[in-house]
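Per chain, numbering begins at 1; letters A, B, ... match sequence-line order. All of these numbers come straight from a predicted model, not from anything done at the bench.
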2 protein chains.
Amino acid sequence: MQPGCSPGMRLFPRGAVLAPEEPTCFATAMTEPTQEQVEQLTRAFARFTRRFKVADAAAAADNALNALDAETLVFVGDNPGCGIGDVARYLKVAMTTMSSAIDRLVKKELIERRRPEDDRRSVALKATAKGRRAIQDHVAGYRQACRAMLRSLDPGEQRELIRLSEKIADSET
Amino acid sequence: MQPGCSPGMRLFPRGAVLAPEEPTCFATAMTEPTQEQVEQLTRAFARFTRRFKVADAAAAADNALNALDAETLVFVGDNPGCGIGDVARYLKVAMTTMSSAIDRLVKKELIERRRPEDDRRSVALKATAKGRRAIQDHVAGYRQACRAMLRSLDPGEQRELIRLSEKIADSET
DNA sequence: CAGGATAGTACGAAAATCGTAATATTCAAG
DNA sequence: CTTGAATATTACGATTTTCGTACTATCCTG
């Protein structure tokens, strides 16, 4: 996702929801994990998720942004020039809900609306300087959690965790 | 956290919030990760989190449980006999908010209240059979996401990811 | 230009969260 | 035993958030 997405080009087309498919048993090149392995990872990740939430709560206490507004702000920061529909589709909320969220963020001077000349139906969203600072604060919570994770590993394991995380994140499906 | 927590013993005492401490530079046995490593992991985990959210949304569409109610149900399922205050402290919401959430879940017959004889101020919560089924469905979404993660790795990497995840989850701090 | 599609907003209803106050119960002195 | 503080929860009302429907404005296509 490059910054400065051109308006008119849709970031998240309507049908692009990644549907979780059932574990059908067709043979692939990769080895299917065992049920026990899946359970182990599920349990471990539940604790990760909880730790992330703590970071979220701490960040929210600072600038009084609710979860949707914070996620919206981060998305707009990553995708300057995007429209309200783009954010709504990405975060899977109703268009009107996103419109309200944008209202709140504009009122707090964290993002700004602009009418592009080439398509005057849409609005182009952009984080303000104040908004970018707020994003930094918000992301800092996540970064803190990630740092804590890495701290409990020794150097070789740290590198390995990063490598595996990127491999998973970059994999299709 | 053992199942069947005895009432009167508090699961989450008031002061027990794990405060995220600043990255002060005191020397430890473990190697402090570099800023770049932290950033890499943060980026990768942002995508993990998003994938988990998709699973959440899919599960929510089925039985029409909002995020708080779902988390509440899972917690009660893991901690039968717990009280409303326990859940409220764990999920960091106001007592009255949790009371409302419990109301909704009781109305849907997913959990049940009971007045323990030894402390008749409190209520003991427990998931019903229907509730346990709903938990299974909810957890299945998470499991599905974990399975997808493991699928993009080869067998050795799968084992290593599980090992590292457990090491981090089991580490103090 | 007409008709339809697209992007967003206005408005009102429904739902959720939360703070304050009230109720019921337990506990600890005196 | 009684009084008063502490604890666990609920009742109630205010505020905020989400969302569906209807509406406006603009673009596109023939």
Partners meeting side-chain contact (heavy atoms from CB on, under 4.5 Å) with A:Ala140 (sequence neighbours left out): none
What residues form a side chain to side chain donor-acceptor pair (under 3.5 Å) with A:Glu157, not counting sequence neighbours? B:Arg163, B:Lys167
Set of residues satisfying side chain to side chain donor-acceptor pair (under 3.5 Å) with respect to B:Glu39, sequence neighbours excluded: A:Arg143, B:Gln35
Contacts of type side chain to side chain donor-acceptor pair (under 3.5 Å), residue A:Arg120, not counting sequence neighbours: none
How long is the line joining CG of B:Asp103 and P of D:dT9, in whole Å? 13 Å
Going 5' to 3' through nucleotides 15-25 of chain D, assign each nucleotide B (protein heavy atom under 4.0 Å from a base atom), S (under 4.0 Å only from sugar-phosphate atoms) or - (no protein heavy atom that close). --SBBBB---B
Please name all residues satisfying side chain to side chain donor-acceptor pair (under 3.5 Å) with B:Arg113, sequence neighbours left out, ordered by chain then number. B:Asp103
Is a side-chain donor or acceptor of B:Glu160 paired with a backbone partner of A:Leu164 at a separation under 3.5 angstrom? no
Using C1' atoms of five pairs at each end, report the bend of the helix from C:dC1-D:dG30 to C:dG30-D:dC1 rounded to 10 degrees. 20°
Rounded to the Å, how far apart are A:Asp119 CG and C:dG8 P? 8 Å
Rounded to whole Å, how long is the line connecting atom CG of B:Leu125 with atom P of D:dA8? 13 Å
If the condition is salt bridge (charged side-chain N to carboxylate O under 4.0 Å, His left out), which residues does A:Arg121 pass it with, not counting sequence neighbours? A:Asp119
Hey, can you pull the donor-acceptor pairs under 3.5 Å for the side chains in residues 93-100 of chain B, sequence neighbours left out?
{"unit_1": "B:Ser100", "atom_1": "OG", "unit_2": "B:Thr96", "atom_2": "O", "d": "3.2"}

